[in-house]
Amino acid sequence: MSIAYEYERSSALSSDLTKPLQLLIGGRHVPSVSGRTFTTLNPATEQPLATIAEGNAEDVDLAVAAARRAFEGPWRTMRAAERGAILLKWAQLLRDRSAEIVELESLDAGKPVSAILRQDLPAAIDTLTYYAGWADKISGEVVSTRDDALTYTVREPVGVVAAIVPWNFPLMIGMWKLAPALACGCTVVMKPAELTSLSALRIAELALEAGLPPGVLNIVTGPGRIVGEALVNHPDVDKVTFTGSPGVGRGIMKAAAGNFKRVSLELGGKSANIIFDDANIEAAAKAAASGIFFNAGQVCSAGSRVLVQERAYDEVVERLTARARALRIGDPLDRATSLGPVISERQMKTILDYVDIGRREGATLVTGGERAAARGYFISPAVFAGVTHEMRISQEEIFGPVVSVIKFKDEADALRMANGTAYSLAAGVWSRDLGRVQRFAKRLRAGTVWINTYGYTDVRLPWGGDRDSGLGREHGTAALDNFTEPKAVWMNLAV
């Protein structure tokens, strides 16, 4: 994004984290029905950060009822242009409060403020602005069928949406779901990840300040096995949009069959970043390092498999290793930090276990792969060489700063390995041969293919995959299809 947002560490949070944070239902802050709370930790310090209301199925019932009332009442009947104006005002409030939002996101998710300023915040605001512009442009068409009838189509909001958001990009991915759903006239019950609920609660407050009617957006915090499951099983939820693991995605599809909810899923990835020996090796290695180490590798489209043609292999390993060792690990609130902690102790243990698996499988750990601090969930970025396609570290999603560098012989060999996992979210290909990169763009099984670059996204382009990478697409006009239902109208003119 080209817009620059400012952040000063001395800025005071207006959110008071010393008091328990409550649910947002029907436009009001309320405690959970049970009165239970949970504590979220700062992953950089392992210290308690905030106490948050722990919702359950009863809270979900209340939130869904509030969303249904708002859907049948003020939001659905409001002029589409007015809905768009509210979303635009909300976007402006995000700009005005950007310093606070950046600090909340950094404290809660362990994300370096430099990364949030560069990607997360601008992308969230851009998404909201983009779909605000769509609010009064969602239209049907007149279809000529016969002379004695007027036949046309309209697109109507699908209804009450359950939006279940992951912990790795809570602000950005949360807005990927909220903005198109609200622009289409739906109402939402959002469940942020238990580990990262703070930015969702704050931006929902700003939505109310922007004029969003009570009940249009509701936030129920708590564990996925309780709150998420209650939302997915709720008979009055019409649509579920989820980003997370393939295992949970499968469970959602099964549960949604109860009332045939519409479902869109953005799941895992094991993306291949393919470097041919005629590529600009310096640029490819630089992008490959960013593609796996950004956000400590906690990115569904991370280029965790770097496939390199034989003649360039040693050079790419050397350059990746140098870049991994040069990354500054430290306090996420320091703008000089490029690598923060992973999200939790559990995730840190999972990543370190995969490092051990890679060693046992016979791969060479060239650098990193160790806990990098006595306090905080920091892991030094790991580069594995000598990886073969069949190894677990090549096939399974690690979701951490661990890259497997795999050697290939020719195009056929590279394509076989690139398409040879259960995932299909994204891929990259590097070569100066225009014919080759076009062949790969066509034959790679991936929802997004980057050519001589890696990792960029834009709300105007569809995003998603199939198989273990999900179902359906987000972004662009595809998101409008997710949150609307087409209706055919047939008017008899021979009356």
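Annotation for Gly222 and Lys191: closest pair O-NZ, 3.1 Å, computed over non-hydrogen atoms. Nearest approach of Asp236 to Arg68, heavy atoms of both residues: O-NH2, 2.9 Å. Considering every non-hydrogen atom in both Leu333 and Leu107, the closest pair reads CD1-CD2, 3.8 Å. When every heavy atom of Pro43 is checked against every heavy atom of Ala109, the shortest pair comes out as CG-C, 3.8 Å. Between Gly249 and Leu265, the shortest heavy-atom contact is O-CD1, 3.7 Å. Heavy-atom minimum distance, Gly428 versus Tyr454: N-CE1, 3.8 Å.
Not one N or O on the side chain of Glu485 forms a donor-acceptor pair closer than 3.5 Å with the backbone of Glu156. Of the possible polar contacts, none joining the Asp136 side chain to the Ala80 backbone as a donor-acceptor pair under 3.5 Å is found. Formation of a donor-acceptor pair under 3.5 Å by the Ser106 side chain with backbone atoms of Pro112 is not found in this model.
In this structure, Leu104 and Leu17 have side chains that are in contact, with non-hydrogen atoms separated by less than 4.5 Å. Looking at heavy atoms from C-beta onward, Thr129 lies in side-chain contact with Arg95 at the 4.5 angstrom threshold. The shortest side-chain heavy-atom distance between Arg262 and Val240 does not fall under the 4.5 Å cut-off. Residues Trp463 and Ser301 meet the side-chain proximity criterion, which asks for heavy atoms closer than 4.5 Å. At least one side-chain heavy atom of Ser424 sits less than 4.5 Å from a side-chain heavy atom of Asp466. The closest side-chain heavy-atom distance from Ile398 to Ile351 is below 4.5 Å. Taking 4.5 Å as the limit, every side-chain heavy atom of Arg155 sits out of range of all side-chain heavy atoms of Lys487. Between Asn218 and Met190 the shortest side-chain heavy-atom distance does not fall below 4.5 Å.
Judged purely by distance below 3.5 Å, without hydrogens or angles, the side chains of Thr421 and Gln395 never pair a donor atom with an acceptor atom. Looking only at atom types and distance, the side chain of Asn42 has no donor-acceptor partner in the side chain of Glu46 under 3.5 Å away. When only modelled atom types and interatomic distance are considered, Asp108 and Thr196 share no side-chain donor-acceptor pair under 3.5 Å. Side-chain N/O atoms of Ser344 and Lys349 include no donor and acceptor closer than 3.5 Å. Donor-acceptor pairing under 3.5 Å is lacking for the side chains of Glu345 and Tyr377. Counting only N and O atoms by type, the side chains of Asp458 and His475 include no donor and acceptor under 3.5 Å apart.
Between Arg97 and Glu209, at least one side-chain N (NZ, or NE/NH1/NH2) sits under 4.0 Å from a carboxylate O, which counts as a salt bridge.
By the 30° and 60° cut-offs, the orientation of the rings of Trp134 relative to Tyr130 is perpendicular.
Around atom CZ of Arg371, more than 12 heavy atoms belonging to other residues, nucleotides or ligands sit under 6.0 Å away. Within 6.0 Å of atom CE in Met253, 12 or fewer heavy atoms from other residues, nucleotides or ligands are found, so the atom counts as exposed in its surroundings.
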Set out, in order, the CA-CA distance, both residues' side-chain angles and the distance that settles side-chain hydrogen bond (donor to acceptor under 3.5 Å, both in side chains) for Ser199 and Glu105, then state yes or no. CA-CA 6 Å; Ser199 60; Glu105 193 82 338; 2.7 Å; yes
Mind running side-chain contact (heavy atoms from CB on, under 4.5 Å) on Glu396 and Lys270 for me, showing each step along the way? CA-CA 7 Å; Glu396 298 175 13; Lys270 194 67 181 176; 5.8 Å; no
Would Thr51 and Lys19 count as a side-chain hydrogen bond (donor to acceptor under 3.5 Å, both in side chains) if you check the C-alpha gap in whole Å, the side-chain angles of each, and the deciding distance to 0.1 Å? CA-CA 7 Å; Thr51 300; Lys19 299 177 181 178; over 6 Å; no
Please test Glu103 against Val113 for side-chain contact (heavy atoms from CB on, under 4.5 Å), starting from the C-alpha separation and ending with a verdict. CA-CA 7 Å; Glu103 189 164 343; Val113 293; over 6 Å; no
Given Val161 and Asn482, is the side-chain contact (heavy atoms from CB on, under 4.5 Å) satisfied, shown in steps? CA-CA 10 Å; Val161 173; Asn482 288 339; over 6 Å; no
Pair Arg460-Asp126, side-chain contact (heavy atoms from CB on, under 4.5 Å): steps then yes or no: CA-CA 10 Å; Arg460 295 152 191 84; Asp126 186 43; 2.9 Å; yes
Quick one: side chains of residues 169-189, donor-acceptor pairs under 3.5 Å with protein atoms, not counting sequence neighbours, listed by atom name and distance.
residue : atom : partner : partner atom : Å
Lys177  : NZ   : Thr241  : OG1          : 3.0
Lys177  : NZ   : Thr243  : OG1          : 2.9
Lys177  : NZ   : Glu474  : OE2          : 2.8
Thr187  : OG1  : Ala67   : O            : 2.9

